[in-house]
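Naming: A, B, ... by sequence-line order, numbering from 1 per chain.
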Number of protein chains: 2
Amino acid sequence: MAKAAGVSPTTVSQAFNGRRTVSRQTLERVHDVAERIGYRPNAVARGLRESRMNVIALVLRPLDTLESFLPEGVDFFMRFAGSAALSAMEHGYSLMLVSDPTKPGAPVSSLAADVCIVTDPFENDPVLTLLKNQHIPALTVGVDPARPGVVPSIDSNTRAETFEVLDHLESAGGTTVGLALGTDRNAWNLTAKRAYVEWCGARGREPIIYENPETRGEAAGERIAAEAFDRVDRVERRPDAIYCLTGRHASGLVAAARSRGIRVPEDLLVAAGSDALQNRTGRPTVTAMDLRPEETARRAVELAVQLFEGSDAELPTSAPGGILRVRESTSRDPVRSASRRRGPSSD
Amino acid sequence: MAKAAGVSPTTVSQAFNGRRTVSRQTLERVHDVAERIGYRPNAVARGLRESRMNVIALVLRPLDTLESFLPEGVDFFMRFAGSAALSAMEHGYSLMLVSDPTKPGAPVSSLAADVCIVTDPFENDPVLTLLKNQHIPALTVGVDPARPGVVPSIDSNTRAETFEVLDHLESAGGTTVGLALGTDRNAWNLTAKRAYVEWCGARGREPIIYENPETRGEAAGERIAAEAFDRVDRVERRPDAIYCLTGRHASGLVAAARSRGIRVPEDLLVAAGSDALQNRTGRPTVTAMDLRPEETARRAVELAVQLFEGSDAELPTSAPGGILRVRESTSRDPVRSASRRRGPSSD
DNA sequence: CTGAAAGCGCTTACAG
DNA sequence: CTGAAAGCGCTTACAG
């Protein structure tokens, strides 16, 4: 390129980066030639020299457990990733989807990013340790439960949201409220469980907890139903409301309950701690906490950019508050129940 | 690192890449030291030297029109991207989501990838031209309709799939079958339209076509319904079946029809050319062509890797055949209709 | 205003 | 088996 325009590499670089003064003439010539021969500065060479690639890495930790990017009925992560990609671009970055970079075969490119967003880290998450060792700035969405302050984070509002859902189930008519959740040791599971136990304690009730590995997916709904309704020895502890932390547990549970002749919401109230499309459109529609993944992702990307570029604006460091979407699965009043037979909810 | 282990950079490099012979002793020492100080070869430097970053870029062209990564009710792209990310990792690559790299503000990192997958390119797509100029190998999912052979591609089976849906609508009882589609000039829209016109011609029928810009989203359903059912001057051309190419058009149309008292499927049959979650779970469920984005993405990634690495295995160069998921919106027989009032379809 | 030199951290011939 | 040298394509002091 330099020789094509008859100038030095220095001048080409300056023409493209506009640092020093380059004469109008030279500037034009360089740009004309660049246009003509389709020259663009090599991003990798620039990256090496400048120690910046303009790439944000995203590690969706729960998916490393699931060993799938496509868990049926989980749209949280795809909504999060999509929004993060868009936000990154608006800040002049690309978004790179990265799987567990501590795994032996992980592509080296996993560590070529300027900054890394890790969602829902596990206790003492090795990914955070690795990033720290490599001096790659990192932030988490939801804290590492074993070391909450180890890196900056967008904090979730799990405690408050858990209370809100449980209170809602109670006011919708639930008297014996169970909790179904996963076994990953991340802040979401651990905080929700603690909040639930606390909530039960305040009411003098014994907690009823159903735990299923995340890998079990919708099938967990069947397990929950079996444990809750099939065991004769537990007939007194039969819940009339179950808070499923994940949308897929909720969907699975609704199906499993129905197959037992248990009606939702008449006999059993069901709510989910994360909203998914099938909760909005299924039958019945399922009340769910909309965690607003798009806005959360936007905040995470902004914090990532700030972390890397070192600006000092005041940014939110907590996720937006969840919004409880009340739907048929917790609505026993006749009006709503009747509407179930007619059209889609206006939700 | 080299000095920490008391060897030359050459030896470190060889120890990590295992090319030449390095004595067992030296090898062990290098790895021990690397472990201790957390050394990993710099991916960017290696990338510059080797002209390979192990990164696959993905440009989802339709999203550049929509100006959103998150069109409500389009899960095709997220399923595609998720599967592509996973496949890329299995081949030792990371997946980078890139928006239109021809746009002025595009991050330079957009062009740092080894190879680029472009889905649904437009006619004479400038992205393909740019990639060609930059000598970045590219492939498309669905051809550039103006220059089908310009780069390798995973070809869609749009023509056959269009016939299959139209035949299905006919056998389900449709006598006047309309087509609703978008205005993006990509192979999907253009091929479907051509196939539809041909199908009508073979039956001596006049085509009935509803075109709406992709940006209009679900609202397009209302426009389609207005055009089809509100205009008195067209009462003879009123369709009793409409094939909506996109899942969101179908959803919007079902809602718009219902709000006019037109029952689906009794008065109007509706099918979609791309399956989305709300088609599976809405009321009524909507018959749709499952384009199998996960498998398509997998093939695209494999072709991308081959293109970049130059292996010569025989790979499929067409998308997997779509599978028609027949649901309530095209099922008039009493059994199925009755089941609508009870439980979720077993689909 | 412009260019020659140095160097970002690697890898690969090449020489020993 | 090991290391010194060159070079991937840039950018940034520095000198003119």
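With pairs defined as Watson-Crick or G-U wobble and both atom distances under 3.5 Å, the stems of at least three pairs that touch DNA chain D come out as C:1-3 with D:14-16, C:5-12 with D:5-12, C:14-16 with D:1-3.
Under the side-chain hydrogen bond (donor to acceptor under 3.5 Å, both in side chains) criterion, the residue pairs touching residues 131-150 of chain A are Thr129(A)-Arg147(A), Asp144(A)-Arg147(A), with sequence neighbours excluded. Sorted by first and then second residue, the ring pair (Phe, Tyr, Trp, His ring centres under 6.0 Å) pairs involving residues 24-45 of chain A (not counting sequence neighbours) are Phe16(A)-His31(A), Phe16(A)-Tyr39(A).
Between the Asp32(A) side chain and the Arg29(A) main chain, no donor and acceptor come within less than 3.5 Å of each other.
Within 6.0 Å of atom CZ in Arg185(A), 12 or fewer heavy atoms from other residues, nucleotides or ligands are found, so the atom counts as exposed in its surroundings.
For the pair Glu50(B) CD and dT11(C) C1', the computed distance is 6 Å after rounding to whole Å. If you take CD of Gln14(B) and P of dG9(C), they are 20 Å apart, rounded to a whole angstrom. Atom P of nucleotide dG9(C) and atom CG of Leu48(B) are separated by 12 Å, given to the nearest angstrom. A straight line from CZ of Arg52(B) to C1' of dT12(C) spans 15 Å, rounded to a whole angstrom. Rounded to whole Å, the distance from CG on Asn54(A) to P on dC10(D) is 16 Å. Rounded to whole Å, the distance from CZ on Arg46(A) to C1' on dG9(C) is 19 Å. One interatomic measurement links the two molecules: CG of Asn17(A) to P of dA13(D), which rounds to 12 Å at whole-angstrom precision. Taking atom NE2 on His135(A) and atom C1' on dG9(C), their separation rounds to 16 Å, with Å as the unit.
Residue Arg49(A) has no polar side-chain atom (N or O) positioned under 4.0 Å from OP1 or OP2 of dG7(C). In terms of phosphate contacts, Thr10(B) brings no side-chain nitrogen or oxygen within less than 4.0 Å of OP1 or OP2 of dG3(D). Within the structure, every side-chain polar atom (N or O) of Asn42(B) is placed at least 4.0 Å from both OP1 and OP2 of dC8(C). Contact check, Thr26(B) against dT2(D): a side-chain N or O comes under 4.0 Å of OP1 or OP2. In this model, the phosphate group of dG3(D) is approached by a side-chain N or O of Ser8(B) to a distance below 4.0 Å at OP1 or OP2.
Using a 4.0 Å heavy-atom criterion, one finds that Phe16(B) contacts no nucleic acid atom at all. Using a 4.0 Å heavy-atom criterion, one finds that Val12(A) contacts no nucleic acid atom at all. Within 4.0 Å (heavy atoms only), Ser23(B) reaches sugar-phosphate atoms of the nucleic acid but no base atom. Backbone-only engagement by Arg40(B) is indicated by non-hydrogen atom pairs under 4.0 Å involving sugar-phosphate atoms exclusively.
Rounded to the nearest 0.5 Å, atoms CG (Leu139(A)) and CG (Leu131(A)) are 10.0 Å apart.
Checked against dC10(D), dT11(C), dG3(C), the side chain of Val7(A) finds its nearest nucleotide in dG3(C). Taking the side chain of Thr11(A) as heavy atoms from C-beta on, and the options dC10(D), dT12(C), dG3(C), the nearest nucleotide is dG3(C).
A side-chain contact (heavy atoms from CB on, under 4.5 Å) with Phe308(B) holds for exactly one of Ile136(B), Asn54(B), Val115(B); it is Val115(B).
Between Ala45(B) and Gly6(B), the residue anchored closer to the 5' end of DNA chain D is Gly6(B), taking for each the nucleotide with the nearest heavy atom. Taking the nucleotide of DNA chain D with the nearest heavy atom to each of Pro9(B) and Ala43(A), the more 5' of the two is matched to Pro9(B).
Here the closest heavy-atom approach between residue Thr183(A) and residue Glu214(A) is recorded as N-OE1, 2.9 Å. Scanning all heavy atoms of the two residues, the minimum distance from Ala88(A) to Ser94(A) falls at CB-C, 4.3 Å.
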